[in-house]
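Atom set for the values below is all heavy atoms of this structure, side chains included, hydrogens, waters and symmetry mates excluded. When a ligand or atom number is given, it counts from 1 through the structure's own listing order.
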Amino acid sequence: MDIEASQYHTIKGRKYKIAVLSGDGIGPEVVGEAVKVLKHVGDRFKINFEFKHALIGGAAIDHEGEAFPKNTLETCQASDAVLLGSVGGTKWDDLPGEKRPEKALLALRKGLNLYANIRPAIMYEALKGACPLKAELVPSGFDICVVRELTGGIYFGERGTRVNATGFQEAYDIETYSTEEIRRIGLEAFEIATKRNKKIVSVDKANVLESSRLWRKEMDILSEKYPEVTLEHMYVDNAAMQLIKNPSQFDVIVTSNMFGDILSDEASMLTGSIGMLPSASLGSTKLGLYEPIHGSAPDIAGLDIANPIATILSAAMMLRHSFELYDEANAIESAVEHVLKAGYRTVDIFEPGKILLGTIEMGNQIVKVI
Ligand code: IPM
Ligand code: MG
């Protein structure tokens with residue numbers, strides 16, 4: 001533990017400004033625990049974290065009339081990092097696409113130019129029993145890093161509805177990728193791979209989609225610059241199958257916005273629960289967005305049963321990627337591992353014989369061991 005390195009920031013008067021966007025559903029509960037953990041890390045390592053709350057999603061619609069108020073983007077832009085809960089819920093499901101809470105999240109990612117979404121899916125030794133696969137399929141566990149393109153593709157392509165030639169209404173969403181977009185996400189994946197097991201699987205649908213064929217070509221070009229990294233291409237349908245057949249074969253997965261959305265949910269379930277997976281969304285500056293990969297789960301909101309670990313681990317990613325506070329990030333991650341080893345569980349990862357905790361108590365246990 002390198003307390004001196006951390007104190008350095010305080011001695012130099014370094015403050016870390018964190019924009020906190022709790023959002024909807026279980027968002028405020030899980031973010032509350034992550035903020036609690038960060039405050040504790042601040043006290044323990046003598047770092048000055050400053051939190052500024054802003055509204056996003058349904059909460060912003062209810063209070064300010066729009067899902068992504070201008071001052072929310074400004075608060076984020078004036079911060080060193082953004083911590084986000086989740087957006088959306090049945091209450092706002094009937095709004096038109098442009099006004100939906102989810103649109104705010106997409107606008108935030110785009111507005112901060114956060115094109116690289118890092119979603120690590122790690123099997124914790126203590127959670128082996130919560131993995132839905134037969135134990136013999138995962139003898140050595142897995143440590144997968146999904147690198148999802150986040151500001152392009154079908155999420156941001158042209159869309160609309162129209163009446164076709166035969167008089168029927170039709171809707172369309174277009175998937176577009178430029179070489180620039182492919183190269184920068186590819187570069188991110190190759191850089192990450194050099195620090196890991198030097199193996200990338202690029203996931204596409206090049207047997208059907210033109211955008212995937214360009215994706216594949218650009219990944220091949222990039223790989224020439226990284227002879228030490230092995231690049232394999234895999235169709236997305238096969239990747240979905242391979243993930244449940246032999247997840248240990250994967251190290252880094254790089255893929256498009258939509259394929260990454262789907263495969264990261266699948267990968268999360270292999271870890272035991274979607275409540276375990278953090279994410280970091282990064283661009284070309286240090287300002288990153290950190291959020292659990294799960295949604296707002298309105299059905300369990302306010303019940304103090306949601307798993308706060310994905311958000312707490314997202315806070316750890318923030319310390320590492322935006323602030324370069326490595327010891328502090330490690331302290332949070334070790335604390336999570338420790339608490340799981342000690343048998344504490346929220347209901348989503350509960351197994352008989354373990355100790356069932358609510359959201360707040362889980363946060364408290366993690367704080368206790370940092
Ligand atoms: C995610 C979520 C979002 C996405 C939704 C809420 C718009 O599913 O972060 O994975 O599709 O990106
Ligand atoms: Mg998703």
Side-chain angles (χ1 to χ4, degrees), residues 21-28 30-31 34 55-61 67-68 72 76 82-93 95-121 144-157 159 173 175 177 181 185 203 236 239-240 243 253-271 273-283 288-301 306-307 309-311 313-314 317-318 348:
L21 316 184
S22 301
D24 308 318
I26 58 171
V30 293
V31 165
L55 293 172
I56 193 166
I61 294 175
F68 192 42
T72 297
C76 295
V82 182
L83 180 67
L84 186 131
S86 47
V87 295
T90 40
K91 185 173 171 195
W92 307 281
D93 270 352
L95 289 173
E98 283 305 301
K99 293 204 170 344
R100 287 181 66 103
E102 290 82 356
K103 184 74 192 176
L105 179 54
L106 303 186
L108 175 62
R109 291 169 177 171
K110 192 80 169 176
L112 298 178
N113 197 21
L114 304 171
Y115 56 83
N117 186 215
I118 319 294
R119 300 188 157 188
I144 303 170
C145 181
V146 179
V147 180
R148 168 190 178 193
E149 199 290 324
L150 203 61
T151 51
I154 198 165
Y155 272 57
F156 293 93
R159 73 194 56 210
D173 299 86
E175 168 102 344
Y177 269 114
E181 288 171 313
I185 190 69
V203 173
V236 63
L243 266 174
I253 293 177
V254 64
T255 191
S256 65
N257 205 340
M258 185 156 75
F259 295 160
D261 178 45
I262 298 166
L263 293 180
S264 59
D265 266 32
E266 188 184 350
S268 79
M269 204 51 228
L270 299 176
T271 70
S273 163
I274 194 167
M276 292 296 300
L277 239 72
S279 87
S281 303
L282 310 170
L289 164 68
Y290 301 86
E291 51 172 322
I293 81 150
H294 62 67
S296 58
D299 51 326
I300 60 162
N307 186 348
I309 291 180
T311 316
L313 291 174
S314 300
M317 291 186 87
M318 170 191 290
D348 55 317

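- I154 and R159 get closest at one heavy-atom pair: O-NH2, 3.1 Å.
- Looking at heavy atoms from C-beta onward, K91 lies out of side-chain contact with D24 at the 4.5 angstrom threshold.
- L150 contributes atom CG, which lies 9.5 Å from atom CG of D261 (distance to the nearest 0.5 angstrom).
- Each protein N, O or S atom less than 2.8 Å from the Mg ion (ligand 2) was counted, giving 1.
- Residues R148 and I185 fail the side-chain proximity criterion, which asks for heavy atoms closer than 4.5 Å.
- Contact of the Y115 side chain with the E149 side chain is registered, since non-hydrogen atoms from C-beta on lie closer than 4.5 Å.
- Among all heavy-atom pairs drawn from V87 and E102, the shortest one is CG2-CA, 4.0 Å.
- Remark: E175 pairs with no residue by the side-chain hydrogen bond (donor to acceptor under 3.5 Å, both in side chains) rule, at least two apart or across chains.
- Residues that satisfy the side chain to side chain contact (heavy atoms under 4.5 Å, CB included) test with F156, not counting sequence neighbours, are L106, K110, N257.
- Pairing each heavy atom of V31 with each of L84, the nearest pair is CG2-C, 3.9 Å.
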Need the list: ligand 1 N/O atoms against protein N/O atoms, distance under 3.5 Å, rounded to one decimal.
unit_1: ligand 1; atom_1: 8 (O); unit_2: D261; atom_2: OD1; d: 3.2
unit_1: ligand 1; atom_1: 9 (O); unit_2: R109; atom_2: NH2; d: 2.7
unit_1: ligand 1; atom_1: 9 (O); unit_2: R119; atom_2: NH2; d: 2.8
unit_1: ligand 1; atom_1: 10 (O); unit_2: R119; atom_2: NH1; d: 3.1
unit_1: ligand 1; atom_1: 10 (O); unit_2: R119; atom_2: NH2; d: 3.1
unit_1: ligand 1; atom_1: 10 (O); unit_2: R148; atom_2: NH1; d: 3.4
unit_1: ligand 1; atom_1: 10 (O); unit_2: D261; atom_2: OD1; d: 2.8
unit_1: ligand 1; atom_1: 11 (O); unit_2: Y155; atom_2: OH; d: 2.5
unit_1: ligand 1; atom_1: 11 (O); unit_2: D261; atom_2: OD1; d: 3.4
unit_1: ligand 1; atom_1: 12 (O); unit_2: R109; atom_2: NH1; d: 2.7
unit_1: ligand 1; atom_1: 12 (O); unit_2: R148; atom_2: NH1; d: 3.2
unit_1: ligand 1; atom_1: 12 (O); unit_2: R148; atom_2: NH2; d: 2.8

